[in-house]
**Q** 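Dropping the structure in here first, questions after.
As the structure is a computational prediction, the values presented were derived from the model and not from experiment. The figures here come from the full heavy-atom set of this structure, side chains too, leaving out hydrogens, waters and symmetry mates. First listed ligand is number 1; within each ligand, the first listed atom is number 1.
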Amino acid sequence: MSLFCDVALAVPLDMVFTYAIPPGMEPVVGGRVLVPFRQQRLSGIVVELHDRPPQVVASQVAASQIKIKKVIEALDLSPVLDEQLLKLGKWIADYYLAPVGEVFRTMLPLSAEFKRSVAYRITDAGRMALHLAGMSGSPARSKRTPDEQLVEFRVLDYLAERESVREERLRGATGVGRALLLGMARKKWIAREDVSAARDAARMVKVAVLLAAEERAEALPPLDGRGARPHTSTVDTTAKKLNDNQRTLIETLAASGGRLPVEALRGLDVPRTTLGTLVRRGLIQLVDEPQDLTGSVSKLKPRQSPFEFEFSAAQKEALAKIGEAVASRRFAGLLLHGITGSGKTAVYLACMRQVLDAGRSSILLVPEIGLTPAVAADLHQVFGDEVAILHSGLSAAERAEQWHRIRRGAARVVAGTRSAVFAPVSDLALIIVDEEQDSSYKQEETPRYHARDVAVMRAKMAGAVVVLGSATPSLESYYNAKKNKYALVELPDRVEMRPLPEVEIVDMRQEFQETGQEQVISRKLAEEIRERLAKKEQVMVLLNRRGYSPVVLCRACGKTLQCKNCAVSMTHHKRERKMECHYCGHIKRIPDKCAQCGSEYVYFVGTGSEKLEELLHGMFPQARIGRLDRDTVRGREDFEHALNALNEGALDMLVGTQMIAKGHDIHGVTLVGVIGADMALGLPDFRAAERTFQLLTQVAGRAGRGQSPGKVVLQTYFQDHYAVQFAARHDFAGFYEKELQFRAWMHYPPYSAIANVLIRSEKLDDALTWSGELGRWFEKTRHEGIRVLGPAAAPITRLKRDYRYHFILKSPSREKMNALLRTMLAEAAARKIPRTQMIVDVDAVWLM
Ligand code: ADP
Ligand code: ZN
Ligand code: ZN
């Protein structure tokens, strides 16, 4: 038994902490312990067990003089992070310069249950012991058993009537100590288990199963609470007559395929005891089944099964290549570049099916809002109960429950957003990252990991296969494929050879000149919409900006209404009658005069999705229009609701932000209008062209997925920009070539690793001083092969009250860059720049 353990705590310090292990306690590596830290109690992950006293003790004072704090409690009986996940966590901590304890916290969705984690349930052996000792409370027993056993029977009695009881409750009710419970567990009379596993069990539902005649003889009803086995089971019950109530029950069950949740039978006008009688007579058996957590997910009518169609030659080839790689049981990376509507999802599902049939596990990662109801429905159709879906709508407790299901091996197919990459599956064979270019894979808080890159690393560590799928791969992944780091697999055509939509560009500068005023909807787009509506076809219109008007301007003094916490304009939300900052959420009342000069000439300028919807209503009063953006979509349900409405033809038109662009497969949409999707081109961000190209391609991909061909009307102020031009021509290769040239010239990824170092403070002075100090330090330290740009004011100079300055580091050598960042952090610590006021973002996705 070890004397000490090193614990990773979720605190912003780049170190682990050593604690003494009290005698009799057995923490495990990869398991959680509760420890004192400063004035708090924190749970952390044990990373090492050892007998080395902490270093301060060895070097400075006699061991006896330093009091090493003790572990308060070991929370887990077995590791919650296995060896591979521990290793992965350490890699993330190292690569992204994040405290390892914070990494582990991100990997474990167990925050909801860190306090106590043990519950007990009675075992069959326990029931047997209870049974042999006679009925509870029988005086015979109390005479014959020693005191301790008497207490044990009290525990057994208590547990016999219940499913699973938390330790505190059990001890409270029976007055026993932990040692006694542990002793009983050793005798196997009771089982000790993690609380959420128990909570999981509580989620089981009782199902009544009608037994077939031949089964009836063998079926023994379960032991009842006192361990006495009713003797009626041996009697031939079928001969006995059923009364009316019993017949009703049996007939109801028979009519619904022989099984129904007990809850459902309660609806019948039959006394509760009837069911019990039938169970005792051996006609019906009660079984526990996991509650169908999936019920809420898919209200959608299942689509055609993903396997009802014949796979295209390209799909078959992709499937074969992935299958081969998986079978080799060695790491391999594949980039699946399939144009929109080429049937990538079907390939994913088929691969995952193969993996499951081989008894192994797979993970499908999807972007934040990419897990469309249709895909969730497909997953359930193909994998039934074997799939665990981790989406943002889950509560902390539900998330923990799914986590336990996965760890128990009850779900070997996992689908989910970013953090699903940490799913505790065993024998991982395949990770698929759908829409791998999506920026939601990057976590924008510590640890700032990129789930795609973590997926690749996890696959490497597990000897598994990683498939990065996209119609518009990131420059990084495409470059890796070109350099043969990944095998490139292509699906170059839409299924059933449906054509890609024709894209027509409308130059909005010309539209302005010809109509003499600023237009939101061009004449061309209006005309096309009218045509589609007349033909009863459906339309999507993208405007990637929510709210009614993005700017409120005073015509007298020229001031715009800015957020008091951020250097950005507040957005007018008409229906909700408020001004809102989209960066910090600050809300203000709508101004009737200028706060600066008091003038009443305040104007609402520009158009967001709310206003667009209103404009379209005005132009097409007879059309049924829905809107999809973060204002209309409060939860997952709203999102599904809008998509289902479109799918079922209850809507003619859907307007919205990028939410409408991703992954949806709605066959009735033949026209996609794009309004101001090129706004990003004006931003000071080197990925602006890439993002614009991707968004345009994605949204264009929503058109013409059914029998009728699609069309896209793309309104732009940047009609000559190569991102717009290449997207309009569906020319991926052309765009990538051009963009790669630009990246090479500018030393941007994929040719350089980059990191964004941001210094922030509510006090302008501090932000300036600290960034100035670091700037001078960067200047005078030599760092060959690394470019340091800055300090400069960040593009958003003030955000959530903080003033912001930043540096951008670029280097072809990631090792050198990370080494410099580490030295810089040490330097900053020496200069007393608070760690919390610095953000180090390795592989930054946003430089704003
Ligand atoms: P992607 O994800 O590549 O945009 P999807 O996987 O959503 O494309 O497939 C587009 C549509 O084509 C879906 O409705 C899907 O069910 C259907 N589909 C996929 N493969 C085939 C096939 N081989 N034959 C016919 N339809 C297919
Ligand atoms: Zn004014
Ligand atoms: Zn703000």
Side-chain angles (χ1 to χ4, degrees), residues 300 302-319 336-351 364 366-367 370-372 374-375 377-379 381-382 432 434-436 469-472 489-498 500 552-571 579-588 591-603 647 661-669 697-707 710 796-802 804:
L300 198 71
R303 297 194 282 187
Q304 189 186 16
S305 149
F307 301 119
E308 272 165 33
F309 36 70
E310 169 81 1
F311 269 26
S312 69
Q315 280 174 315
K316 281 184 193 153
E317 200 184 316
L319 182 59
L336 179 62
H337 176 207
I339 65 166
T340 56
S342 59
K344 291 186 290 295
T345 314
V347 173
Y348 300 155
L349 294 173
C351 293
L364 170 65
V366 294
L371 187 58
T372 60
V375 174
D378 280 351
L379 282 163
Q381 203 181 342
V382 177
I432 297 168
D434 188 27
E435 306 287 359
E436 63 87 26
S470 179
T472 52
V489 182
E490 303 206 70
L491 300 177
D493 300 302
R494 280 191 163 182
V495 296
E496 300 181 326
M497 298 313 264
R498 287 170 201 155
L500 276 169
V552 178
L553 178 74
C554 169
R555 282 274 151 95
C557 73
K559 279 277 174 197
T560 59
L561 179 63
Q562 299 252 313
C563 173
K564 74 173 165 74
N565 305 323
C566 314
V568 298
S569 300
M570 294 189 79
T571 300
M579 303 297 299
E580 186 191 316
C581 170
H582 287 179
Y583 288 83
C584 75
H586 177 61
I587 286 172
K588 243 177 115 89
D592 45 19
K593 51 184 189 291
C594 173
Q596 194 76 20
C597 71
S599 151
E600 281 171 13
Y601 292 97
V602 284
Y603 283 79
N647 216 4
K662 291 189 187 172
H664 318 308
D665 182 35
I666 292 168
H667 289 194
V669 175
T697 304
Q698 290 292 339
V699 71
R702 298 314 110 210
R705 295 170 73 93
Q707 298 306 326
I796 298 175
T797 52
R798 193 160 169 259
L799 184 68
K800 300 181 185 172
R801 306 196 153 168
D802 283 333
R804 309 159 82 237

**Q** Hey, what do you get for NZ (Lys559) to OG (Ser599), rounding to the nearest 0.5 Å?
**A** 14.0 Å

**Q** For the pair Arg498 (side chain) and Arg705 (backbone), establish whether a donor and an acceptor sit closer than 3.5 Å, ignoring hydrogens and angles.
**A** yes

**Q** Short list, please: which atoms of ligand 1 are under 4.0 Å from a heavy atom of Thr345?
**A**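 Counting atoms of ligand 1 from 1, those under 4.0 Å from Thr345 are 2 (O), 5 (P), 6 (O), 7 (O).
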
**Q** From Ile339 CD1 over to Glu490 CD, what is the distance, rounded to the nearest 0.5 angstrom?
**A**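 Separation between the atoms: 10.5 Å.
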
**Q** Are Glu600 and Arg555 ion-paired here, with the side-chain N under 4.0 Å from a carboxylate O?
**A** no

**Q** Any heavy atom of Val347 closer to ligand 1 than 4.0 angstrom?
**A** no

**Q** Could you tell me whether Ser342 and ligand 1 have an N or O pair separated by under 3.5 Å?
**A**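 Right, the criterion is met.
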
**Q** For ligand 1, which atoms, with element, lie under 4.0 Å from some heavy atom of Ile339?
**A**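 Ligand 1 atoms under the 4.0 Å threshold to Ile339: 3 (O).
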
**Q** Tell me the closest heavy-atom pair linking Phe311 and Ala346, and the distance in Å.
**A**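 What the structure gives for the nearest pair is CZ-O, 3.6 Å.
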
**Q** Do any nitrogen or oxygen atoms of Arg498 come within less than 3.5 Å of a nitrogen or oxygen of ligand 1?
**A** no

**Q** Counting only nitrogen or oxygen atoms and a 3.5 angstrom limit, does Glu310 reach ligand 1?
**A**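 In this structure, Glu310 places an N or O atom under 3.5 Å from an N or O of ligand 1.
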
**Q** Can you name the atoms of ligand 1, numbered from 1 with element, that are less than 4.0 Å from a heavy atom of Thr340?
**A**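 With Thr340 as reference, the close atoms of ligand 1 come out as 4 (O).
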
**Q** Please answer whether the main-chain N or O of Ala661 pairs with a side-chain N or O of Arg702 as donor and acceptor at a distance below 3.5 Å.
**A** yes

**Q** What's the SG-the Zn ion (ligand 2)-SG angle here (Cys557, Cys594), rounded to 10 degrees?
**A** 110°

**Q** Which atoms of ligand 1 have any heavy atom of Ser312 under 4.0 Å away?
**A** 23 (N)

**Q** Which ligand 1 atoms are under 4.0 Å away from a heavy-atom of His667?
**A**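 Close to His667: 14 (O).
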
**Q** Check whether any N or O atom of Val495, backbone or side chain, sits under 3.5 Å from an N or O atom of ligand 1, and answer yes or no.
**A**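 N/O-N/O distance under 3.5 Å: no.
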
**Q** Is there a side-chain hydrogen bond (donor to acceptor under 3.5 Å, both in side chains) between Thr472 and Gln698? Walk through the geometry before answering.
**A** CA-CA 8 Å; Thr472 52; Gln698 290 292 339; 3.3 Å; yes

**Q** Which heavy-atom pair separates Tyr583 from Ile796 by the least distance, and what is that distance?
**A**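 Distance-wise, the nearest heavy atoms are CE2-CD1, 3.4 Å.
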
**Q** Run the contact test for Arg494 against ligand 1 with a 4.0 Å cut-off on heavy atoms, strictly below, and give the result.
**A**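 Per 4.0 Å heavy-atom rule, Arg494 does not contact ligand 1.
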
**Q** Where the side chain of Lys344 meets the backbone of Gly338, is there a donor-acceptor pair that is under 3.5 Å apart?
**A** yes

**Q** Suppose I only count heavy atoms of Glu496 and a 4.0 Å limit; which atoms of ligand 1 are within that range?
**A** 25 (C)

**Q** Please find the pair of heavy atoms, one from Cys581 and one from Val568, that lie closest to each other, and give the distance.
**A**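 In this case the closest contact between Cys581 and Val568 is SG-CG2, 3.8 Å.
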
**Q** Suppose you place the vertex at the Zn ion (ligand 3); what is the angle out to Cys581 SG and Cys566 SG, to 10°?
**A**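 It is 110°, given to the nearest 10°.
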
**Q** Roughly how far, to the nearest 0.5 Å, is CD1 of Ile432 from CG of Leu364?
**A**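 Spacing of CG (Leu364) from CD1 (Ile432) equals 5.5 Å.
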
**Q** Any N/O/S of Cys584 under 2.8 Å from the Zn ion (ligand 3)?
**A**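 A backbone or side-chain N, O or S atom of Cys584 is under 2.8 Å from the Zn ion (ligand 3).
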
**Q** Regarding atom 7 (O) of ligand 1: of the candidates Lys344, Gln698, Arg705, which has the closest heavy atom?
**A** Arg705

**Q** Could you establish whether Gly338 and ligand 1 come within less than 4.0 Å of each other, counting only heavy atoms on the residue side?
**A**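 Gly338: no contact with ligand 1 (<4.0 Å).
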
